[in-house]
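Structure first, then comments.
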Amino acid sequence: TPDPNVVAADSSEPAEAADLTTDGGTEAPAEPDALPSVDLIERSKKLRECIDKFILAAADPTVPSAKDRQQTVIFAKDAWKASLPDDAAFVKVCTDTANKVVKGELQADAARRYLEGLL
């Protein structure tokens with residue numbers, strides 16, 4: 001006769017479900033993160049700051065000389081290349097776009113929209 005103190009396993013439970021235990025067996029797969037990682041958020045903030053700085057340098061109304069604004073863009077390029085070493089291609093696009101703003105080939109608002117569209 002069966003021992004009344006021993007609980008029989010439910011044989012209707014699929015074998016896969018029995019393997020997904022947390023008491024020493026194989027654990028269930030982890031749920032993907034619902035929120036982006038902190039690193040991704042910080043990188044996004046840095047890229048947006050980069051865009052802001054390039055557009056400001058290129059279209060700064062307090063610096064009437066295009067040559068002076070051009071020098072600021074060049075300085076910004078070097079600083080951002082050091083700050084975002086893994087995003088050198090993005091910094092180059094920001095530099096090229098800012099140069100077009102300095103030369104009057106592109107409006108600052110259009111340049112900003114273009115660069116933000118790359119994010």
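Only a predicted model underlies this, so the values are computations on that prediction, with no experimental measurement involved. For this chain, numbers begin at 1 and follow the sequence in order.
Judged by distance alone, the side chain of Ser44 and the main-chain N or O of Leu40 form no donor-acceptor pair under 3.5 Å. Although no hydrogens or angles enter the test, the distance criterion places a donor-acceptor pair under 3.5 Å between the side chain of Arg69 and the main chain of Ala58. The backbone N or O of Ile51 lies less than 3.5 Å from no partner atom in the side chain of Arg112, so there is not a single donor-acceptor pair.
No side-chain heavy atom of Thr95 sits under 4.5 Å from any side-chain heavy atom of Trp80. Val63 has its side chain out of reach of Thr72: every pair of non-hydrogen atoms, C-beta onward, lies at least 4.5 Å apart. With a 4.5 Å cut-off on side-chain heavy atoms, Asn99 and Gln70 count as touching. Side chains of Val93 and Phe54 form no contact here, defined as non-hydrogen atoms less than 4.5 Å apart.
Nearest heavy atoms, Ala57 versus Val73: CB-CG2, 4.1 Å. The two residues Thr97 and Ala111 come nearest to each other via the heavy atoms CG2-CB, 3.5 Å.
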Practice prompt. Mind running salt bridge (Lys or Arg N to Asp or Glu O under 4.0 Å) on Arg113 and Glu116 for me, showing each step along the way?
Written response: CA-CA 5 Å; Arg113 284 192 305 274; Glu116 287 176 348; over 6 Å; no
Discussion item. Salt bridge (Lys or Arg N to Asp or Glu O under 4.0 Å) for Asp87 and Arg43? Distances and angles first, verdict last.
Written reply: CA-CA 10 Å; Asp87 293 298; Arg43 179 177 175 263; 2.6 Å; yes
Item to complete: Could you go through the side-chain contact (heavy atoms from CB on, under 4.5 Å) check for Gln107 and Val101 one step at a time?
Response: CA-CA 6 Å; Gln107 294 296 314; Val101 172; over 6 Å; no
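The hydrophobic clustering, which links ILVMFWY residues whose side-chain heavy atoms are closer than 4.5 Å, places Phe90 and Ile41 apart.
Interatomic distance, Glu42 CD to Lys46 NZ, rounded to the nearest 0.5 Å: 9.0 Å. Here the OG atom belonging to Ser83 is positioned 7.0 Å from the CD atom belonging to Glu49, to the nearest 0.5 angstrom.
In summary, of the residues considered (Leu84, Asp52, Leu118), a side-chain contact (heavy atoms from CB on, under 4.5 Å) with Leu47 occurs for Leu84 alone.
Side-chain contacts under 4.5 Å among hydrophobic residues (ILVMFWY), followed directly or transitively, place Leu56 with no other residue at all.
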